[in-house]
A.B. asks: 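Before I ask anything, let me first share the structure, which is written out below as structure tokens.
Every number for a ligand or one of its atoms is a count from 1 in the order of the listing.
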Amino acid sequence: MFIDVLTIFPDMVELVTGWSILKRAAEKGIVTVRAVNIRDFAVDKHRTTDDTPYGGGPGMVMKPEPVVAAIDFARQERPGRVILLSPQGERFTQAKARALSAEDHLILVCGRYEGIDERIRAFVDEEISIGDYVLTGGELPAFVVIDAVTRLIPGVLGNKASTDEESFAGGLLEYPQYTRPPVFRNLPVPEVLLSGHHERIRRWREEMALQRTKKRHPELYEQYLRRRERGNNDGS
Ligand code: 4HQ
């Protein structure tokens with residue numbers, strides 16, 4: 001998969017490409033992330049990417065020409081799905097991550113300032129929000145999308161991700177996990193996990209995942225029950 005990140009802060013892209021899983025995925029040639037500097041597509045001598053809003057008001061607006069020229073550039077070698085990160089977008093979910101993981105080329109447009117010129121939206125395929133809070137730019141949301149999407153691409157996690165998702169726990173919160181030591185600051189590991197009874201362990205984990213989801217995320221729990229009734233247990 002090719003991922004272009006269109007931004008006026010191209011150095012930030014190293015945050016997601018420079019370390020750990022994504023770095024290895026890039027080395028294996030499974031994912032290529034490229035930073036495209038929107039400022040390189042500004043035409044005036046000061047390479048301006050923002051301007052004051054028509055009609056007045058506070059803050060600056062991202063100019064359309066450099067952003068759309070950067071989109072054209074990103075699209076010139078291969079077609080791509082253009083995604084704008086914005087609080088006005090459709091909420092990003094695991095189902096959306098799964099769908100995007102099948103794409104060949106994502107073009108992620110990161111806005112800055114107080115907003116973008118509305119006409120940029122005519123060149124965008126979809127708009128995604130990572131949640132109802134206001135950030136200073138679309139870069140961190142883009143990195144969230146990259147992280148969630150790329151871990152679903154076969155080979156990136158050695159396929160463990162897909163098996164995780166498709167286990168009974170698909171669509172539920174995780175069960176509690178423990179590792180050594182058996183007692184930490186007076187807090188013991190639940191006895192069942194030390195028992196070696198694999199079937200009891202499996203049932204305990206299932207029960208904990210269910211209880212935890214019901215208590216902490218009742219909406220997800222209801223969705224899970226509805227899907228289980230339909231005979232679907234892979235979280236889709
Ligand atoms: N932004 N989910 C970019 C966000 C946001 C979000 C605010 C997007 C600032 C310039 N993007 N503008 N939440 O807060 O995607």
A.B. asks: Under 4.0 Å from ligand 1, counting heavy atoms only, is it the side chain of I128, its backbone, both or neither?
C.D. replies: backbone
A.B. asks: Under 4.0 Å from a heavy atom of G111: which atoms of ligand 1 are those, numbered in the order shown and with their elements?
C.D. replies: 3 (C), 10 (C)
A.B. asks: Which residue owns the protein heavy atom closest to atom 1 (N) of ligand 1, what's the atom, and how far is it?
C.D. replies: P87 CD, 3.6 Å
A.B. asks: Would you call E206-R203 a salt bridge at under 4.0 Å N-O?
C.D. replies: no
A.B. asks: Please state which protein non-hydrogen atom is closest to atom 8 (C) of ligand 1 and give its distance, to 0.1 Å?
C.D. replies: L85 O, 3.6 Å
A.B. asks: Within the structure, is a non-hydrogen atom of F92 found at a distance of less than 4.0 Å from ligand 1?
C.D. replies: no
A.B. asks: Can you sort out which atoms of ligand 1 are near P141, meaning under 4.0 Å from one of its heavy atoms?
C.D. replies: 2 (N), 5 (C), 11 (N), 15 (O)
A.B. asks: Before signing off on this row, confirm whether I130 and ligand 1 have an N or O atom pair separated by under 3.5 Å.
C.D. replies: yes
A.B. asks: Considering both backbone and side-chain atoms of L135, is one of its nitrogen or oxygen atoms within less than 3.5 Å of a nitrogen or oxygen in ligand 1?
C.D. replies: yes
A.B. asks: Less than 4.5 Å apart, any side-chain heavy atom of L100 and any of R81?
C.D. replies: yes
A.B. asks: What atoms of ligand 1 come closer than 4.0 angstrom to any heavy atom of Y113?
C.D. replies: 10 (C)
A.B. asks: Counting C-beta onward and ignoring hydrogens, is there a side-chain heavy-atom pair between V5 and I146 closer than 4.5 Å?
C.D. replies: yes
A.B. asks: Which atoms of ligand 1 are found less than 4.0 Å from any heavy atom of G131?
C.D. replies: 13 (N)
A.B. asks: Taking the side chain as every heavy atom from C-beta outward, state whether Y221 and L210 have any atom pair closer than 4.5 Å.
C.D. replies: yes
A.B. asks: Please say whether Y133 places an N or O atom under 3.5 Å from an N or O atom belonging to ligand 1.
C.D. replies: yes
A.B. asks: Salt bridge or not for D132 and R91, using N-O below 4.0 Å?
C.D. replies: yes
A.B. asks: For ligand 1, which atoms have a heavy atom of S129 less than 4.0 angstrom away?
C.D. replies: 2 (N), 15 (O)
A.B. asks: Return the residue, atom name and 0.1 Å-rounded distance of the protein heavy atom closest to atom 15 (O) of ligand 1.
C.D. replies: S86 N, 3.3 Å
A.B. asks: Cation over ring, R112 on F9, under 6.0 Å and within 45°?
C.D. replies: no
A.B. asks: Heavy-atom contact check, 4.0 Å cutoff: does I116 meet ligand 1?
C.D. replies: no
A.B. asks: If we only count heavy atoms from C-beta on, is the P66 to R47 side-chain gap below 4.5 Å?
C.D. replies: no
A.B. asks: Regarding ligand 1, does G138 bring an N or O atom to under 3.5 Å of one of the ligand's N or O atoms?
C.D. replies: no
A.B. asks: Below a 4.0 angstrom heavy-atom separation, can you tell me which part of R112, side chain or backbone, both or neither, approaches ligand 1?
C.D. replies: backbone
A.B. asks: Could you check whether E229 pairs with R226 (Lys NZ or Arg NE/NH1/NH2 to Asp/Glu carboxylate O, under 4.0 Å)?
C.D. replies: no
A.B. asks: Using every non-hydrogen atom in the two residues, find where P64 and R119 come nearest and quote the distance to one decimal.
C.D. replies: CG-NH2, 4.1 Å
A.B. asks: In the structure I gave you, are the side-chain heavy atoms of I83 and D125 within less than 4.5 Å of one another anywhere?
C.D. replies: no
A.B. asks: Where do A142 and L108 come nearest, in terms of heavy atoms and distance?
C.D. replies: O-CD1, 3.9 Å
A.B. asks: Please identify which atoms of ligand 1 are closer than 4.0 Å to at least one heavy atom of V134.
C.D. replies: 14 (O)
